[in-house]
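The block underneath contains the structure these notes are about, expressed in structure tokens.
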Amino acid sequence: VTAIEVDTATYQIKGTASGGDGSGIAEVEVNVNGAGWQLATGTASWTYNAPLTIGPNTVLVRARNLASTLSAEVPVPTITRIDGHRPVISVDPPEVYLVVGATVPDALEGVAATDEQDGDLPGDAIAVSGDTVDTETEGDCIVFYDVTDSDGNAALQQQRVYRVARAIASVGDCKSV
């Protein structure tokens, strides 16, 4: 195995160790990304749940025999954690009602995008496409919103419908007569 790709925050590394001099294994240690040596579970047959950061992770393993002699540090194939989470776009409100002749509001008003890794994405990262909102003509115009995070994960496309009419009726409190 030359490389491993995962989309989880931890990865279980397994291995076997032998004392070489017949004295047996006292402990196995694992170092992930230079963060310091941590004890694995087990000795001759061992496991370790390695915490991973997004991107490539370097892992080294060493063993100490019962005579307290440390082995050479053995590299594990690079474990690359990919970001498998797509960003999320919110559009509020999803429908906008306009009277013929009204000023068209900013298409990004009430639109936000967030990502688990990148946090809040800036408005200029959100691509706007679809219909041009024409307030001189009655009808519906649909505007689409797309965004991609720093790892190339695309959000599910969202939309807003602009409804242009000569008059917009509103419903107030209804009372029976």
Side-chain angles (χ1 to χ4, degrees), residues 1-95 106-130 142-161:
V1 176
T2 57
I4 301 166
E5 273 194 1
V6 298
D7 67 353
T8 58
T10 60
Y11 182 78
Q12 187 177 68
I13 301 168
K14 301 176 183 181
T16 58
S18 62
D21 63 358
S23 66
I25 297 298
E27 63 187 20
V28 174
E29 298 175 311
V30 181
N31 188 330
V32 180
N33 296 324
W37 293 98
Q38 304 295 318
L39 285 177
T41 301
T43 53
S45 178
W46 59 269
T47 61
Y48 180 76
N49 291 323
L52 304 176
T53 58
I54 299 289
N57 291 265
T58 303
V59 181
L60 299 172
V61 178
R62 68 184 183 188
R64 183 181 316 273
N65 66 16
L66 293 173
S68 294
T69 304
L70 275 175
S71 72
E73 297 173 1
V74 178
V76 171
T78 299
I79 303 168
T80 301
R81 179 180 170 199
I82 57 173
D83 176 12
H85 298 82
R86 60 176 73 219
V88 176
I89 301 171
S90 61
V91 178
D92 185 31
E95 290 186 33
D106 179 0
L108 288 173
E109 187 176 318
V111 177
T114 58
D115 181 65
E116 186 175 290
Q117 179 187 344
D118 298 336
D120 292 338
L121 300 173
D124 62 357
I126 301 171
V128 180
S129 62
I142 302 174
V143 175
F144 299 98
Y145 301 94
D146 295 283
V147 72
T148 303
D149 68 15
S150 63
D151 291 315
N153 299 312
L156 293 175
Q157 186 179 67
Q158 298 298 311
Q159 69 180 32
R160 174 178 281 156
V161 178

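Interatomic distance, T41 OG1 to E27 CD, rounded to the nearest 0.5 Å: 12.0 Å. Summarising the geometry, atom CG belonging to D92 is positioned 12.0 Å from atom CD belonging to Q158; distances are rounded to the nearest 0.5 Å. A distance of 5.5 Å separates CD in E29 from CZ in R64, rounded to the nearest 0.5 Å. Distance check: E73 CD to R62 CZ gives 6.0 Å after rounding to the nearest 0.5 Å. Distance check, rounded to the nearest 0.5 Å: CZ of R81 to CG of D7 gives 8.5 Å.
With a 4.5 Å cut-off on side-chain heavy atoms, R160 and V111 count as touching. Counting heavy atoms from C-beta on, the side chains of V59 and I13 come closer than 4.5 Å. Between T10 and L52 the shortest side-chain heavy-atom distance does not fall below 4.5 Å. The shortest distance between side-chain heavy atoms of P75 and T58 does not fall below 4.5 Å. Taking 4.5 Å as the limit, every side-chain heavy atom of Q38 sits out of range of all side-chain heavy atoms of N31. Looking at T53 and V32, their side chains never come closer than 4.5 Å, going by heavy atoms from C-beta outward. Between L108 and I126, the closest side-chain pair of non-hydrogen atoms falls below 4.5 Å. The shortest side-chain heavy-atom distance between L121 and P87 falls under the 4.5 Å cut-off.
Dense packing is recorded around CZ of F144, with more than 12 heavy atoms of other residues, nucleotides or ligands lying under 6.0 Å away. Under a cut-off of 6.0 angstrom, the local environment of CD in Q159 is crowded, with over 12 non-hydrogen atoms contributed by other residues, nucleotides or ligands.
N57 contributes a side-chain N or O that, together with a main-chain N or O of G55, makes up a donor-acceptor pair within less than 3.5 Å. The backbone N or O of N153 sits nowhere less than 3.5 Å from a side-chain atom of D151 that would complete a donor-acceptor pair. With hydrogens and angles disregarded, a donor-acceptor distance shorter than 3.5 Å links the side chain of S71 to the backbone of A63.
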*In sequence, state the C-alpha distance, the side-chain angles, and the governing distance for W46 and V30, and then conclude on side chain to side chain contact (heavy atoms under 4.5 Å, CB included).*
CA-CA 10 Å; W46 59 269; V30 181; 4.1 Å; yes

_Under the criterion side chain to side chain contact (heavy atoms under 4.5 Å, CB included), I'd like the reasoning laid out for S129 against D146: C-alpha separation, chi angles, the key distance, then a yes or no._
CA-CA 8 Å; S129 62; D146 295 283; 4.2 Å; yes

*Tell me, with the steps shown, if D115 and D83 meet side chain to side chain contact (heavy atoms under 4.5 Å, CB included).*
CA-CA 10 Å; D115 181 65; D83 176 12; 3.9 Å; yes

*Taking it one step at a time, do N49 and Y11 satisfy side chain to side chain contact (heavy atoms under 4.5 Å, CB included)?*
CA-CA 5 Å; N49 291 323; Y11 182 78; over 6 Å; no

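Minimum heavy-atom separation, I25 to A44: CB-N, 4.5 Å. T43 and A17 get closest at one heavy-atom pair: O-CB, 3.8 Å.
Under the 3.5 Å distance criterion, with hydrogens and angles disregarded, a donor-acceptor pair is assigned to the side chains of S150 and D118.
Just one of I82, I79, T80 meets the side chain to side chain contact (heavy atoms under 4.5 Å, CB included) condition when paired with V6; it is I79.
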